[in-house]
4 protein chains.
Amino acid sequence: MRIKEGNKEQDILDAGIKVFAAAGFHQAKISKIAETAGIATGSVYLYFSNKTAILQRIFENLWKELNSESSDILIRDDINALEKLEHLIDLVCDKFYNDPLLAIVIVNEQHNLFKDDELIPPIYKQFLDKGESIIIQGQKNGLIDNSLSVKVLRHLIIGSLKYLIDLWAKKPEEVTMNELRRNVKKIFITGLRK
Amino acid sequence: MRIKEGNKEQDILDAGIKVFAAAGFHQAKISKIAETAGIATGSVYLYFSNKTAILQRIFENLWKELNSESSDILIRDDINALEKLEHLIDLVCDKFYNDPLLAIVIVNEQHNLFKDDELIPPIYKQFLDKGESIIIQGQKNGLIDNSLSVKVLRHLIIGSLKYLIDLWAKKPEEVTMNELRRNVKKIFITGLRK
Amino acid sequence: MRIKEGNKEQDILDAGIKVFAAAGFHQAKISKIAETAGIATGSVYLYFSNKTAILQRIFENLWKELNSESSDILIRDDINALEKLEHLIDLVCDKFYNDPLLAIVIVNEQHNLFKDDELIPPIYKQFLDKGESIIIQGQKNGLIDNSLSVKVLRHLIIGSLKYLIDLWAKKPEEVTMNELRRNVKKIFITGLRK
Amino acid sequence: MRIKEGNKEQDILDAGIKVFAAAGFHQAKISKIAETAGIATGSVYLYFSNKTAILQRIFENLWKELNSESSDILIRDDINALEKLEHLIDLVCDKFYNDPLLAIVIVNEQHNLFKDDELIPPIYKQFLDKGESIIIQGQKNGLIDNSLSVKVLRHLIIGSLKYLIDLWAKKPEEVTMNELRRNVKKIFITGLRK
DNA sequence: CATGAATGAGCTTTCATTCAT
DNA sequence: AATGAATGAAAGCTCATTCAT
């Protein structure tokens, strides 16, 4: 039998990121993804049940990674909540800095999954919960203004980052990742501090 | 009088907002927009050259309106830059508060236009420039930290607002517009202040 | 607007019979049906929701017609049950004699509908019921052997006719319709008589 | 010994009957047949050149068996033509009674072979010829009406049986095989007798 | 002989856009 | 201007068949 050479599943995910980033989810053709991955169209369906499943897995992998790495931040007791938030921002910025195409896909195509609640990987919600728990911790310790809504805050931070990262990924000449990172931290940390 | 024709064009735009908000740009059918507007499918093409043109006009109209109203804020000399920014945030919040469906469309479908630079209405860039000039003014007057990047800031504010407004439009029971507005102001104004 | 010329729905049904007869339901391509009907592929879907719906309508139309015409036979009081059966056989034979392609479709593709009970037009069951009621009448009047099962009989007659009509439609040189009709009547009527 | 290989071929045929009966020829997947047979998909092609060949062999085996067994009936001189026909009917009924799935396949999928004359196993025609020769014998001996067409008769009997057996195989609760057998014999034998 | 991953042609269905009326 | 029937290109997905191991 023909043995799987290399890791075709990963090839498809990589190709998916490229094609989704370039064309958007709906314009992306499976045949183009297959071609980019160097396999036949039909082979895509050996690894993923449909186009959405590819996008879903891209998301899942990203948040699984970020969630895992953020766990280390969460449990540290040598830094306070605001410093933890800074690390969280760094985590996200670093991830996307190393994979601009992934950034574009995440920012622009996330809503294709969010229309159907089932498609949102639970791991994503876990990641958001982590951020939320840091904010709550900060409020308890008097570092973060108690009058601020946790729900609003977590979306505010995510939203800002997403928008900026998309800007950076599409026009890296207009803003560097470090500049972006520094500004975001400055605003949020100063703004959040009581 | 041209009221009748003018109305029909507006009917299509209103229908477009409804249908785009409900189904997303790519899933939205022209036939559904026509039906919602109370006209025949083919008649849509008497007013708009294609589906994208409808979305484009929705954007243009929004930013035209916001741009026009923000002019009044910009020229006031009785308030400082930070207060002007507060008014800008109010302007945007009020607009979307009165038209949640529009909010959903703007937030989720904007990237369908941004893929092609030609499709971005110049008026949108003018609006961003207004915000930028307020920030620069604030930096000159020593109200806003000079080390912050104007370009990053303007996208940061827009991005945050967009994400939060989308949250509010889709799940108004989770967060009120006033809560949202208060939080955003608190963070940005405190964060921006030197 | 473009006005419907002719009867496109009927054109599609006629084309469907031709193509289903030649290629079988599963091999039949919608594009071929459209071509045969002289319209564009997509236009088929203005009249029928899918391929199965075309087959379904072909069946429905046939049995509607046969059911309607058999009503006249059923209510006659100048002929007995066996004579009524003879007329029923004539009815079916005449119908198919005038439309051999329809015969092939009915005989060979019926089971594509019968897999899903919902797809069987109720009118077909009504037709079978008519035949059954004639047999019961004949049994009551002592013309038909009481020991024969009505259920078996009605399927026996239908099954024989279907098989023979298919033979005739595919190889008309091997057997004439009149020969077929005469033989069927002879066997069943003599066989059924007490 | 070659038992092992012989078994595998038979496994595929048995699996084919199951899958064809359940899903129909066109919906039946080779992979499903392989799985049912307990072998790999590709292995099917070591024994059969394609999907149609499996169906073809199922037919061939059936008619080979029936043809062989009917030879014994044909040469008997202790019973007349009508009694021989009765035995032939019993033969067919018994065969299907012991293999209802086979019955379903034979009845519903036969036309997939009959579209191409080459695919019809010659042995099938030999079986029909046997039936024909019995009828001719009966006509010579004055037991069967001379005015009846041999060709029509042989198809009439086969067709009736097929349709009824399908009914029985699919809804055994509605009619027993013995009831079916009794009815068929009664009608044909009485109907055929001069 | 056996495997099952890989192939890719093929087909149904959708829908933005056109155009005859 | 208005209509809505008609168009036909386009793409997701299936699965019989192949073939490298």
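The structure presented is a predicted model; accordingly, all values stated were derived computationally and were not measured. First the proteins, then the strands, lettered A, B, ... as listed; each starts at 1.
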Taking only residues at least two apart or on different chains, which pairs with a member in residues 53-62 of chain C satisfy salt bridge (Lys or Arg N to Asp or Glu O under 4.0 Å)? C/Glu9-C/Arg57
Quick one: on DNA chain F, does A/Ser43 or B/Thr41 contact a more 5' nucleotide (nearest heavy atom)? B/Thr41
Which is more 5' along DNA chain F, the nucleotide nearest A/Ser49 or the one nearest B/Val44? Just name the residue.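 Result of the comparison: B/Val44.
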Any side-chain heavy-atom pair of [X] and [Y] under 4.5 Å:
| X | Y | answer |
| --- | --- | --- |
| B/Ile120 | B/Phe59 | no |
| D/Ile104 | D/Lys170 | yes |
| D/His26 | D/Asn112 | yes |
| B/Glu109 | B/Phe114 | no |

Report the nucleotide, chosen from [options], that has the shortest atom-to-atom distance to any side-chain atom of [X].
| X | options | value |
| --- | --- | --- |
| D/Lys51 | F/dG4, F/dT7, F/dA16 | F/dA16 |
| C/Leu46 | E/dT17, F/dA6, F/dA2 | F/dA6 |
| A/Tyr47 | E/dT12, E/dA5, F/dT14 | E/dA5 |

Could you check whether any side-chain N or O of B/Ser43 sits under 3.5 Å from a backbone N or O of B/Ile39, counting only pairs where one atom can act as donor and the other as acceptor?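 Checked: no pair found.
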In whole Å, what is the span from the [atom1] atom of [X] to the [atom2] atom of [N]?
| X | N | atom1 | atom2 | answer |
| --- | --- | --- | --- | --- |
| A/Ile39 | E/dG4 | CD1 | P | 20 Å |
| B/Asp11 | F/dA2 | CG | P | 11 Å |
| A/Ile54 | F/dA11 | CD1 | P | 15 Å |
| A/Tyr45 | F/dC15 | OH | P | 13 Å |
| B/Phe48 | F/dA1 | CZ | P | 14 Å |
| C/Asn50 | E/dC11 | CG | P | 17 Å |
| D/Leu55 | F/dA16 | CG | C1' | 15 Å |

With A/Leu102, the side chain to side chain contact (heavy atoms under 4.5 Å, CB included) member among A/Ile58, A/Val107, A/Ile165, A/Asp14: A/Ile58
Taking a pair as Watson-Crick (N1 to N3 plus N6-O4 or O6-N4) or G-U wobble (N1-O2 and O6-N3), both under 3.5 Å, which stems of 3 or more consecutive pairs involve DNA chain F? E:2-21 with F:2-21
Ignoring backbone atoms, establish whether C/Lys8 has a side-chain N or O less than 4.0 Å from OP1 or OP2 of F/dA5.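 Checking F/dA5 against C/Lys8, no side-chain N or O comes under 4.0 Å of OP1 or OP2.
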For DNA chain E, the residues among residues 17-37 of chain B that have a non-hydrogen atom under 4.0 Å from it: B/Ala28, B/Lys29, B/Ile30
Could you walk me through whether B/Glu65 and B/Asn61 pass the side chain to side chain donor-acceptor pair (under 3.5 Å) test, one step at a time? CA-CA 6 Å; B/Glu65 190 182 328; B/Asn61 285 351; over 6 Å; no
Tell me which of C/Thr52 and A/Gly42 sits closer to the 5' end of DNA chain E, going by the nucleotide each one is nearest to.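 It is A/Gly42 whose nearest nucleotide is closer to the 5' end.
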Aromatic A/Tyr47 / basic A/Lys8 pairing, under 6.0 angstrom, 45° off normal: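 The answer is no; the distance or angle limit is not met.
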